[in-house]
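Comments concern the structure below.
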2 protein chains.
Amino acid sequence: MLTADIQVQSGHFAAAVSRAQLVSFPGAQPVMHFSQDSTLYEEGDGANCYYRVVSGLVRTCRFSQDGRRHIDAFYKPGDVFGFEPGATHGFTAEAVTDCAVIPCHRRGAGESEAQYLYSSALEHLARAQAHAQLLGRGGAAQRMAGFLLEISAHKQAGVVELPMARQDIADYLGLTIETVSRTLAQLQRVHAIRLLAARRIEIISRAVLQNICG
Amino acid sequence: MLTADIQVQSGHFAAAVSRAQLVSFPGAQPVMHFSQDSTLYEEGDGANCYYRVVSGLVRTCRFSQDGRRHIDAFYKPGDVFGFEPGATHGFTAEAVTDCAVIPCHRRGAGESEAQYLYSSALEHLARAQAHAQLLGRGGAAQRMAGFLLEISAHKQAGVVELPMARQDIADYLGLTIETVSRTLAQLQRVHAIRLLAARRIEIISRAVLQNICG
DNA sequence: CGAATGGTTGATTGTGATCAATTCCCGTGG
DNA sequence: CCACGGGAATTGATCACAATCAACCATTCG
């Protein structure tokens, strides 16, 4: 269910996408706001809508029987998420930071929207496949490097702000927070990155990261 | 490019889907045959077509810089594969066994086919996400159990024939062949399965496997 | 029968998980 | 402004598990 924690919020990526661009698309509903760590919807909830992120960061995740959390993906402003093969959501969606999203009903989709959804689905597919490959090939350093390349993909500046906690990164990469921490330190030692603050990383050399990632 | 190794072949799953059912769909081209371990197309090749498996088994894979192979998915008769977000294939497709596939041009797709492709994409997405989750949560036993549940999903009988080699399983699960072998032995020890032959496994208890998998 | 391929089993090593302290950072209140 | 408190992050020591290296079996095919 949609827990409507109404809250005004700027968000890390707010400047990246104009509001007008985000609001004007077919089937759009009023913008909804969610506070940090609140739940947008849960695994098993009916999938009436998909969503587009306006500001902030959203994560989709699932829990295994033993209680371990697996983060499937992060969604930043401009990204859409929440469309499913079945009638219910396969993942829980949560607000990593305070965030704003536009829910959008699936029904009443026109030709062009159908086209758009299809290409979005293929993009998500490619991302999930890349994620699986990253997790399949062992190394903690490889995973970390891949993650850093991913989140800094569309950045021009060398400095990246991490909106998510270490635990989020760990659950996304299938590692522990300790290993995440150690691996970051290790990447700093080989001069691939520099740790400016806990959530502030300077990417010194993408080439080195690419090399480590494989 | 399409390496047309013409060859007549029965295939492990041939009986599962009728030929007529497979050939009659929009944009279908003549059936193509590929011999075991031959390449259907390579990563980077132009993606003019997607494919539907008639008989045999196909794998899609990618290679990391260090030469390690990652298998993305296996496709059995009835499955479609090879549609991409971009203009080129992101994976190499190879014949695990001798197999037959129907290539199908993307252009000229009607409304109903577009609908079909969309739902196929979402199914692939769900599968890739499940795969990522399996690889993310450590344990070799968990991965193996998940794999066994996957390949025996639509089987009524308890006995499963594995069409692929240990190396294929290893590359799919991000393990080594030795660990695959040991883990199978271990699953046998806890009476989840029985190893009848190298490629013949009896599933004794799905419940136990589910439990292990999590 | 013998070679070759694929699979299993054994011994050892390396890497990340786990358990356990600190330390760092940031917001709060004196 | 500084002291304090609490959650987040780092660092350290040890342990468990899968990779690696290596030898051995089984099955198929010439």
Side-chain angles (χ1 to χ4, degrees), chain A residues 12 35-37 64 66-70 96-98 134-148 160-190 193-201 212 214, chain B residues 35-37 59 64 66-70 96-98 134-148 160-190 193-201 212 214:
Chain A
H12 289 77
S35 59
Q36 187 168 10
D37 292 322
S64 344
D66 60 1
R68 299 173 106 79
R69 185 180 65 162
H70 169 84
V96 176
T97 65
D98 291 347
L134 203 65
L135 297 180
R137 284 197 329 263
Q142 287 178 310
R143 297 186 195 192
M144 204 62 231
F147 174 72
L148 290 173
V160 181
E161 299 284 340
L162 297 181
M164 72 289 282
R166 291 288 186 274
Q167 188 64 61
D168 290 322
I169 300 173
D171 291 344
Y172 180 69
L173 296 178
L175 301 170
T176 60
I177 51 173
E178 292 96 331
T179 299
V180 167
S181 193
R182 278 186 251 270
T183 307
L184 284 172
Q186 184 188 335
L187 290 176
Q188 181 172 40
R189 248 174 273 127
V190 300
I193 63 173
R194 194 181 325 180
L195 298 165
L196 306 173
R199 303 209 182 173
R200 234 167 165 240
I201 297 179
I212 292 168
Chain B
S35 59
Q36 187 168 11
D37 291 323
R59 64 175 173 248
S64 344
D66 60 0
R68 299 172 106 81
R69 184 179 68 164
H70 169 83
V96 176
T97 64
D98 291 345
L134 202 65
L135 297 180
R137 287 198 327 265
Q142 286 178 310
R143 299 185 193 191
M144 203 64 230
F147 174 73
L148 290 172
V160 181
E161 300 283 340
L162 298 181
M164 73 288 284
R166 291 289 186 272
Q167 189 63 62
D168 290 322
I169 300 172
D171 290 344
Y172 181 70
L173 296 179
L175 301 170
T176 60
I177 50 173
E178 292 95 331
T179 299
V180 167
S181 192
R182 275 187 254 270
T183 306
L184 284 172
Q186 183 188 335
L187 289 176
Q188 182 171 39
R189 246 173 275 129
V190 299
I193 62 173
R194 194 180 324 180
L195 298 165
L196 306 173
R199 303 206 182 176
R200 232 168 167 240
I201 296 178
I212 292 169

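Just so it is clear: chains get the letters A, B, ... in the order the sequence lines come, proteins before strands, and each one is counted from 1.
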*Expressed in angstrom and rounded to an integer, what is the separation of B:Arg137 atom CZ from C:dG16 atom C1'?*
18 Å
*asked:* What is the separation between atom CE on B:Met164 and atom P on C:dG6, rounded to the nearest whole Å?
replied: 15 Å
*Can you find a donor-acceptor pair, distance only, under 3.5 Å between A:Arg182 side chain and C:dT18 base?*
yes
*For D:dA19, take OP1 and OP2 only and decide whether either is under 4.0 Å from a side-chain N or O of B:Thr176.*
yes
*Taking B:Asp171 for the side chain and B:His70 for the main chain, is one N or O donor matched with an acceptor at less than 3.5 Å?*
no
*Whole angstrom is fine here: how far is it from CD1 in B:Ile177 over to P in D:dA18?*
16 Å
*Rounded to the Å, how far apart are B:Gln167 CD and D:dT20 P?*
11 Å
*Could you tell me whether B:Arg68 atom CZ has more than 12 heavy atoms of other residues or ligands within 6.0 Å of it?*
no
_Along DNA chain C (nearest heavy atom to each residue), the more 5'-positioned of A:Thr183 and B:Arg166_ = B:Arg166
*Rounded to the Å, how far apart are B:Arg143 CZ and D:dA18 P?*
8 Å
*So what does A:Arg200 touch, heavy atoms closer than 4.0 Å: a base, only the sugar-phosphate, or nothing?*
nothing
*CG of A:Leu135 versus C1' of D:dA18: gap in Å, rounded?*
17 Å
*Could you grab the distance from atom CD of B:Gln167 to atom CG of B:Leu175, nearest 0.5 Å is fine?*
11.0 Å
_Closest listed nucleotide, where the reference is the side chain of B:Glu178 and the choices are C:dG7, C:dG16, D:dC21_ = D:dC21
*In terms of side-chain heavy atoms of B:Leu175, which of D:dT10, D:dA19, C:dG7 is nearest?*
D:dA19
_Whether the side chain of B:Arg166 engages the backbone of B:Ser181 through a donor-acceptor N/O pair (distance < 3.5 Å, no angle test) should be reported._
no
*Side chain of B:Ala198 (C-beta onward), nearest among C:dG7, C:dT18, D:dA18*: C:dG7
*Give A:Ala197 one of three labels, base, sugar-phosphate or nothing, depending on what nucleic acid heavy atoms sit under 4.0 Å from its own.*
nothing
*Answer yes or no: does a side-chain N or O of B:Arg199 lie under 4.0 Å from OP1 or OP2 of C:dG7?*
yes
*Is B:Thr179 near enough to D:dA19 that one of its side-chain N or O atoms lies under 4.0 angstrom from OP1 or OP2?*
yes
*asked:* Rounded to whole Å, please give me the gap between CD in B:Gln142 and P in D:dC17.
replied: 12 Å
*Output the distance between atom CG (B:Leu184) and atom CZ (B:Phe147), rounded to the nearest 0.5 Å.*
9.0 Å
*Given DNA chain C, 5'-ward residue of the pair A:Leu196 and A:Gly174, judged by closest heavy atom*: A:Gly174
*In whole angstrom, what separates A:Arg68's CZ from C:dG16's C1'?*
12 Å
